[in-house]
Structure formats: C-alpha cells, structure tokens
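Worksheet for the structure shown next.
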Amino acid sequence: MIAQCTHLNQIKDVSARTPEGCEECLKMGSSWVHLRLCLGCGHVGCCDSSPNKHATKHFHETQHPIVKSFEPGEDWGWCYVDQVMIQPVPDRRS
C-alpha cells in the first residue's frame, strides 16, 4: 500500500512572509541550503540540509503539517505528520 498524505485539506493559499529567504536565518545573519514554504501560514524556513533546519523546527512549534519546496521550478511538498512526499502539491488558490 502506498502511503498518502491525509492533511491536504489543511493546505492554504499562502504568500511567503519572507520571500528573500529563511525568516530566522535572515534575522540571525545565517545561511541556508534550500528553502521550504509552510502551506499553513507562509513561513519560509531552511531545509534539513541547512545548519539550522528552521522548516522542521517550525513544524514542531506550530504543527502545520505540510511544506512545499520554495526553490524555483520545483513543485513537491512534504507532509511531516504522514512522512510522505506530495507531488505535485495541490493548488489552493481560488
């Protein structure tokens, strides 16, 4: 049986709060490898390959289950709760 995300109904039409980079890294003056966009609130955090892993920390703090790659040309997401990749990520714009 293929694992599926059971949280797609929690995806919102969000705008990136800090489109220029990871919200926390920008404040700290730190760097990142890749960026992830929280589809619950628009938080932009750095990936788990980055030193600070802010996207995952954001999930643990907020329980917002789904992030989407915030890299140009990528349309995949990750559900932290179900531990499954989502490709493509459903569009929630009205």
Check: Taking Ser50 for the side chain and Lys53 for the main chain, is one N or O donor matched with an acceptor at less than 3.5 Å?
Finding: no
Margin query: Could you check whether any side-chain N or O of Ser69 sits under 3.5 Å from a backbone N or O of Glu71, counting only pairs where one atom can act as donor and the other as acceptor?
Written below: yes
Shortest non-hydrogen contact from [X] toward [Y]:
{"X": "Asp75", "Y": "Gln87", "answer": "O-CG, 3.9 Å"}
{"X": "Tyr80", "Y": "His64", "answer": "CD1-O, 4.4 Å"}
{"X": "Asn52", "Y": "Cys25", "answer": "ND2-SG, 3.7 Å"}
{"X": "Ala16", "Y": "Phe70", "answer": "CB-CZ, 3.6 Å"}
{"X": "Gly45", "Y": "Cys22", "answer": "CA-SG, 3.8 Å"}
{"X": "Trp32", "Y": "Glu20", "answer": "CZ2-O, 3.8 Å"}

Between [X] and [Y], is there shared hydrophobic-cluster membership here, with clusters defined by ILVMFWY side-chain heavy atoms closer than 4.5 Å?
{"X": "Leu8", "Y": "Leu39", "value": "yes"}
{"X": "Leu35", "Y": "Val14", "value": "yes"}
{"X": "Val89", "Y": "Val81", "value": "no"}
{"X": "Ile86", "Y": "Val67", "value": "no"}

Would you say the side chain of [Y] lies within less than 4.5 Å of the side chain of [X], judging by non-hydrogen atoms?
{"X": "His7", "Y": "Asp82", "result": "yes"}
{"X": "Arg17", "Y": "Cys41", "result": "yes"}
{"X": "Pro19", "Y": "Val44", "result": "no"}

Next item on the list: Check the pair Glu61 / His43 against side-chain hydrogen bond (donor to acceptor under 3.5 Å, both in side chains), numbers first and verdict last.
Entry: CA-CA 12 Å; Glu61 292 169 3; His43 172 268; over 6 Å; no
Margin query: Nearest 0.5 Å, please: how far is CE in Met85 from CH2 in Trp78?
Written below: 7.0 Å
Item checked: Distance, nearest 0.5 Å, that separates OG1 of Thr18 from CG of Leu26 -> 5.5 Å
Note to self: With no hydrogens and no angle check, just 3.5 Å: does a side-chain donor-acceptor pair link Gln63 and His58?
What the structure shows: no
